[in-house]
Amino acid sequence: MCGIVGIVGKRPVNQFLYDALLVLQHRGQDAAGIVTSDGEKLHMRKDNGLTRDVFRTRHMIQLRGHMGVGHVRYPTAGASSSAEAQPFYVNSPYGIVLAHNGNLTNADELKREVFVDDLRHINTESDSEILLNVFAHELQLQNKLRIDEQDIFRAVEGVHRRCRGGYAAVAMIPGFGIFGFRDPHGIRPIVYGKRETDAGTEYMIASESVALDTLGFKLIADVAPGECVLVDANGELHTRQCAPQPVLSPCIFEFVYFARPDSIIDNISVHKARSRMGKKLAAKIKRVWPDHDIDVVIPVPDTSRTAALQLANQLGVPYAEGFIKNRYIGRTFIMPGQTIRKKSVRQKLNAIDLEFRKKNVLLVDDSIVRGTTSQQIIQMARDAGARRVYFASAAPPVRYPNVYGIDMPAASELIAHNRTERQIERALGTDKLIFQDLQDLINAVQKKGKSLVDRFDTSVFDAVYVTGDVTPDYLSSLEQTRNDSAKQQRSRHNETVLEMHNNA
Ligand SMILES: O=P(O)(O)OC[C@H]1O[C@H](OP(=O)(O)OP(=O)(O)O)[C@H](O)[C@@H]1O
Ligand SMILES: NC(=O)CC[C@H](N)C(=O)O
Ligand SMILES: [Mg+2]
């Protein structure tokens, strides 16, 4: 996952972009970048690292201008090299800067096309650079010296015709404006909002509404699937549907894990969705295990807290915070390799023994993916003196790769792949394991009767990929090129590639 943001302001936007990236940090911890436009020149700073480490005062003062775009990265293509940090830039036509969240499923084909037909060079392994060049080519086809919003909309139509997969993007053309667009399935989230100031209205486009809230912007709407939302340099807002048959089918894993609970995605409160997951899971426990002997419900911080609290309430069992999270360690699931992920769980979580001693504990997590967290946490609960250790997951078993922007490319790395629930239970070393049913998860997120969403992308649970183009061949080549050891090898050969001037 990645976090994206774009702002058109009435004053310098560098600090606002930085602040927005800070609240989107949970979507990507590998690299951060900002490009601003002062009407004449672009200014860029991007590098590997967290937002607070990438931008020093000397960079901030150079990020001049009243509009800009920012990105925090969690790679799903290419390598973790700083050359693949975003935003990306291409100088023709007009100069375009783009920040992308998602993953293109036809990136290889597009890369060939972009070279052979469009005569464009792609300098990295990132699919986002391809997306930018496809857009640039489609805009170039308009063949105009001065463009207007209709030209941008037509170019986005071209992107939708050519690109497959998940893409929410924010782009900027210096002196012209910023615009955000979302793939025709609306797989990745993207919202926009406005803020009134004495000097006039300012606009923000961002991955999650939490970025709007914390900067004092009011949510206007989600960018609809296929839609493009454009704010020109005068601060005028223009929107248009650019896809012939958009079908909203957002990624359900955003609600399970990725998004912040205080965000609202496609009109659904993530917090409420997670509470309902807890409720449904409690109902399942009552159904399949009416004579349970759970003494206490303990969440695995952070993300599972909301669901676990509700689950405990519904079961009528005490809730206790038995694991303390080190606030200086980030999210382990989105760390780049298994060694660091494993090590970080122990650095991140520590047990308070007295909450476990001689008790039958039910540990609750939002999901079990590679099993890195659950395996260690179950052992920690035993070491802390628990009599029995049960485990419940607010999501069903994750059995299939994600191809739309979550870095789960290899089925063989997923603990639930090719395993029954009982086999997973044994592999994790728990006394009992309970998973949410998929239909319950869907109902929990959908908020019956009121939702705009008829369908979610649930591919990691059922291998049904909403874009309909994901073949076994694609999945096996993805597994080969992006499994953990392939990624490690690639990062050892991390070459320096040509970049736009970086404010070092
Ligand atoms: O089975 P795994 O491969 O371990 O993945 C699942 C775990 O990873 C995530 O936690 P993470 O530490 O990333 O973030 P959090 O603090 O938001 O819970 C998620 O919440 C689960 O705890
Ligand atoms: N997680 C994402 O959204 C990744 C964006 C893009 N595919 C990259 O690898 O940089
Ligand atoms: Mg977690």
Side-chain angles (χ1 to χ4, degrees), residues 1 74 76 103 105 165-166 185 187 249-258 273-274 277 280-281 284 288 300 303-304 307 332-334 338 341-342 363-378 390-430 432-445 455-487:
M1 208 55 46
Y74 160 56
T76 58
N103 196 60
T105 48
H185 290 90
I187 297 174
S249 15
C251 172
I252 206 158
F253 212 68
E254 289 281 349
F255 296 92
V256 170
Y257 167 70
F258 258 104
R274 287 186 189 155
M277 287 176 212
K280 302 261 179 207
L281 194 52
K284 175 161 180 188
V288 301
V300 181
T303 301
S304 71
T332 52
F333 174 74
I334 60 172
Q338 190 57 10
R341 283 195 289 261
K342 246 181 164 157
L363 307 182
V364 179
D365 209 346
D366 51 83
S367 56
I368 299 173
V369 183
R370 298 181 182 90
T372 323
T373 310
S374 35
Q375 244 157 0
Q376 293 191 58
I377 225 77
I378 289 163
Y390 309 127
F391 205 99
S393 162
V398 172
R399 290 209 163 92
Y400 306 99
N402 186 286
V403 299
Y404 301 129
I406 306 176
D407 197 33
M408 299 181 197
S412 56
E413 291 168 3
L414 307 171
I415 192 153
H417 186 69
N418 274 342
R419 281 197 174 101
T420 63
E421 293 192 9
R422 291 294 77 83
Q423 288 168 328
I424 308 167
E425 189 175 271
R426 276 198 293 279
L428 293 178
T430 174
K432 191 171 184 70
L433 179 60
I434 297 158
F435 283 104
Q436 183 93 266
D437 292 339
L438 181 54
Q439 195 53 53
D440 281 347
L441 173 64
I442 294 170
N443 292 345
V445 181
R455 186 182 178 194
F456 292 91
D457 176 75
T458 51
S459 50
V460 297
F461 305 119
D462 60 7
V464 177
Y465 295 90
V466 286
T467 53
D469 62 334
V470 176
T471 61
D473 278 356
Y474 174 76
L475 289 176
S476 88
S477 89
L478 188 70
E479 169 141 17
Q480 275 163 31
T481 50
R482 288 205 58 80
N483 67 57
D484 253 352
S485 59
K487 266 183 282 187

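This chain uses plain numbering: 1 for the first residue, then up along the sequence.
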Closest contact, heavy atoms only, Pro409 versus Arg482: CG-O, 3.2 Å
Test salt bridge (Lys or Arg N to Asp or Glu O under 4.0 Å) applied to Asp462 - qualifying residues, sequence neighbours left out: none
Any donor-acceptor pair under 3.5 Å from Tyr74 side chain to Asp407 backbone: yes
Verdict with supporting geometry, Met408 and Phe333, side chain to side chain contact (heavy atoms under 4.5 Å, CB included): CA-CA 10 Å; Met408 299 181 197; Phe333 174 74; 3.8 Å; yes
From CD1 (Ile424) to CD (Glu421), nearest 0.5 Å: 6.0 Å
Set of residues satisfying salt bridge (Lys or Arg N to Asp or Glu O under 4.0 Å) with respect to Glu413, sequence neighbours excluded: none
Pairwise side-chain contact, Lys432 with Val288, heavy-atom cut-off 4.5 Å (strictly under): no
From CA spacing to verdict: side chain to side chain contact (heavy atoms under 4.5 Å, CB included), Ile187, Tyr465: CA-CA 11 Å; Ile187 297 174; Tyr465 295 90; over 6 Å; no
Set of residues satisfying salt bridge (Lys or Arg N to Asp or Glu O under 4.0 Å) with respect to Asp365, sequence neighbours excluded: none
Any Tyr390 side-chain heavy atom under 4.5 Å of Ile434 side chain: no
Any donor-acceptor pair under 3.5 Å from Arg274 side chain to Phe255 backbone: yes
Expected output: side-chain Asn483 to main-chain Ala486 donor-acceptor under 3.5 Å: yes
Qualifying residue, where the test is side chain to side chain contact (heavy atoms under 4.5 Å, CB included) with Gln376 and the options are Ile378, Thr373, Thr372: Thr372
Nearest-0.5 Å distance, OH of residue Tyr400 to NE2 of residue His417: 7.0 Å
Nearest-0.5 Å distance that lies between atom CD in Gln480 and atom CG in Leu475: 11.5 Å
Steps toward side chain to side chain contact (heavy atoms under 4.5 Å, CB included) verdict (Ile415, Arg370): CA-CA 5 Å; Ile415 192 153; Arg370 298 181 182 90; 5.9 Å; no
Of all pairs that satisfy side-chain hydrogen bond (donor to acceptor under 3.5 Å, both in side chains), the ones with a partner from residues 466-477, not counting sequence neighbours: Thr105-Asp469, Tyr404-Thr467, Thr467-Asp469
By salt bridge (Lys or Arg N to Asp or Glu O under 4.0 Å) - contacts of Arg399 (at least two apart): none
Spacing of Lys280 atom NZ and Ile442 atom CD1 [to the nearest 0.5 Å]: 11.0 Å
Gln423 vs Arg426, side chain to side chain donor-acceptor pair (under 3.5 Å): CA-CA, chis, key distance, verdict: CA-CA 5 Å; Gln423 288 168 328; Arg426 276 198 293 279; over 6 Å; no
Beyond-backbone contact of Arg455 with His185, side-chain heavy atoms, under 4.5 angstrom: no
Residue among Ile406, Ile252, Ile334 satisfying side chain to side chain contact (heavy atoms under 4.5 Å, CB included) with Tyr257: Ile334
Side chain to side chain contact (heavy atoms under 4.5 Å, CB included) evaluation trace for Val445 with Val256: CA-CA 9 Å; Val445 181; Val256 170; 5.8 Å; no
Contacts of Phe435 that satisfy ring pair (Phe, Tyr, Trp, His ring centres under 6.0 Å) - sequence neighbours left out: none
Nearest non-hydrogen partners of Pro401 and Leu414, listed with the distance: N-CD1, 4.1 Å
Flag, side chain of Glu425 to backbone of Leu433, donor-acceptor distance under 3.5 Å: yes
Check: Gln436 side chain, Ala394 main-chain N or O, donor-acceptor pair, under 3.5 Å: yes
Min side-chain heavy-atom separation Phe253-Ser367 under 4.5 Å: yes
Lys/Arg-Asp/Glu bridge criterion (N-O < 4.0 Å) met for Asp437, Lys284: yes
Straight-line distance of Leu478 CG to Asn402 CG, nearest 0.5 Å: 9.5 Å
Residue Lys342 excluded, over 12 heavy atoms near NZ under 6.0 Å: no
Shortest non-hydrogen separation from Phe461 to Pro397 and the atoms involved: CD2-O, 3.4 Å
